[in-house]
Number of protein chains: 2
Amino acid sequence: MKDKQAIFCNDKSHHMERFLEVCLLLLLYDEIGYGYGLIEQLVNFGFSPEDLNVSTLYRTLRKMEGEGLVTSLWEESDQGPKRRVYEITLEGKENLDQWIKILKMRKSKIENLIVQYDKKIVDTTSDLSD
Amino acid sequence: MKDKQAIFCNDKSHHMERFLEVCLLLLLYDEIGYGYGLIEQLVNFGFSPEDLNVSTLYRTLRKMEGEGLVTSLWEESDQGPKRRVYEITLEGKENLDQWIKILKMRKSKIENLIVQYDKKIVDTTSDLSD
DNA sequence: AATCACTATATACATAATGTATATAGTAGG
DNA sequence: CCTACTATATACATTATGTATATAGTGATT
């Protein structure tokens with residue numbers, strides 16, 4: 001039997017659908033970026049370098065290019081091999097705007113759930129009054 | 001070429017990992033419930049009866065039973081066939097508490113992203129000042 | 001008792017998002 | 001040439017979810 005509690009210990013399993021993609025669109029909104037470099041910037045969105053999956057990042061960027069949200073080209077680096085640098089497209093910017101709306105809905109759904117949880121748990125546990 | 005905007009029109013594709021499961025745990029927290037009946041109650045969590053997937057609901061309940069979060073038994077109905085009625089377990093309640101913490105983290109990550117989006121978009125679009 | 005509408009549950013198949021592990025390759029320094 | 005580092009890519013597996021369909025009991029109607 002697997003340890004059920006264990007899944008709450010590693011933060012990796014607590015992803016939100018496409019959240020990484022939205023963060024990348026926002027990072028690329030006003031400046032270009034490449035895979036490895038974006039990893040460091042993602043810290044500002046709650047991703048820790050350990051739990052951030054390099055494979056997932058690269059795969060996501062390629063997928064976004066396939067969808068026309070970003071374009072890419074190879075650029076020389078002053079240290080190390082060439083980098084595939086991504087630039088956001090107009091479609092990518094529009095896509096980001098849509099995602100922000102979705103995230104606002106998600107947020108309000110979560111807020112509503114938490115309110116209902118607090119209400120119910122208080123009602124249940126305040127039998128202290130006995 | 002598929003219409004990229006289309007995915008934003010149908011609300012079905014905007015799920016949040018395991019959100020349904022958490023809602024079910026909360027609904028079952030203080031009273032038992034069965035599949036069909038729970039569907040109506042889920043409206044309070046932002047699920048519309050149309051976009052709520054009956055298969056997903058039943059499958060989720062069975063999975064939760066397999067994980068020991070709920071138990072079930074068959075109960076007679078005053079109208080229609082028997083119902084499989086679910087009851088939350090202690091483990092299920094503990095699990096819910098953990099999920100609430102995760103949802104609070106999700107919420108703050110989303111809030112942070114929205115703040116950064118607003119900041120960046122204002123900076124970009126306020127070139128009106130020219 | 002046959003049919004039908006309704007309630008209720010379950011499962012097979014497919015897809016999407018993500019994680020794990022590994023492969024490939026250029027660069028710079030010794 | 002060997003090694004450490006930077007950088008990108010891909011194969012395979014798992015998880016969560018959607019779509020479609022199957023199964024079956026109940027009660028009313030014919």
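So you know, we letter chains A, B, ... as the sequences are listed, proteins then strands, and number each from 1. Side-chain atoms are counted along with the backbone in the values below, which use heavy atoms only and exclude waters and symmetry mates.
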B:L61 atom CG is separated from D:dA16 atom P, nearest whole Å, by 15 Å
It should be established whether B:T56 places a side-chain nitrogen or oxygen under 4.0 Å from OP1 or OP2 of nucleotide D:dT17. no
Please state whether the base of C:dG26 and the side chain of A:R83 form at least one donor-acceptor pair under 3.5 Å? no
Which atom pair, heavy atoms only, marks the closest approach of B:E91 to B:E67? OE2-O, 3.7 Å
Verify the contact: side-chain N or O of B:Y58 to OP1 or OP2 of C:dA10, cut-off strictly under 4.0 Å; return yes or no. no
Atom-pair distance (CG on B:L73; P on C:dA8), nearest Å: 16 Å
Atom-pair distance (CG on B:L52; C1' on D:dG18), nearest Å: 12 Å
Do any N or O atoms from the side chain of A:S77 and from the backbone of A:R83 form a donor-acceptor pair under 3.5 angstrom? no
Answer yes when A:E76 and A:K82 have at least one side-chain N-carboxylate O distance shorter than 4.0 Å, and no when they do not. yes
Closer than 4.0 angstrom, basic N to acidic O: yes or no for A:E21 and A:K63? yes
Check every strand shown and say whether A:R59 touches a base, only sugar-phosphate, or nothing at a heavy-atom separation below 4.0 Å. base
Nearest-Å distance for atom pair CD/C1', residues B:E75 and C:dA8: 14 Å
Rounded distance in Å - CG (A:L57) to C1' (C:dA17): 14 Å
Just N and O in the side chain of A:R84: are any of them under 4.0 Å from OP1 or OP2 of D:dA9? yes
A:K63 atom NZ is separated from D:dT10 atom P, nearest whole Å, by 16 Å
Consider side-chain contact (heavy atoms from CB on, under 4.5 Å). Of B:L113, B:I114, B:N112, which one does B:I110 pass it with? B:I114
Below the 4.0 Å mark, does C:dA17 have OP1 or OP2 next to a side-chain nitrogen or oxygen of A:R18? yes
Rounding to a whole Å, what distance do you find between A:M64:CE and C:dA17:C1'? 14 Å
Tell me the interatomic distance from B:E21, atom CD, to D:dT17, atom P, rounded to whole angstroms. 8 Å
Restricting both atoms to N or O, compile the protein contacts to nucleotides 20-30 of chain D shorter than 3.5 Å, with distance only.
unit_1 : atom_1 : unit_2 : atom_2 : d
D:dA20 : N6     : B:S55  : OG     : 2.1

Under 4.0 Å between a side-chain N or O of A:Y36 and OP1 or OP2 of D:dT6? no
Does the ring of A:Y29 carry A:K93 above it, NZ/CZ under 6.0 angstrom from centre and within 45° of its axis? yes
What I'd like to find out is whether the side chain of A:R62 reaches to under 4.5 Å of the side chain of A:R84, using heavy atoms alone. yes
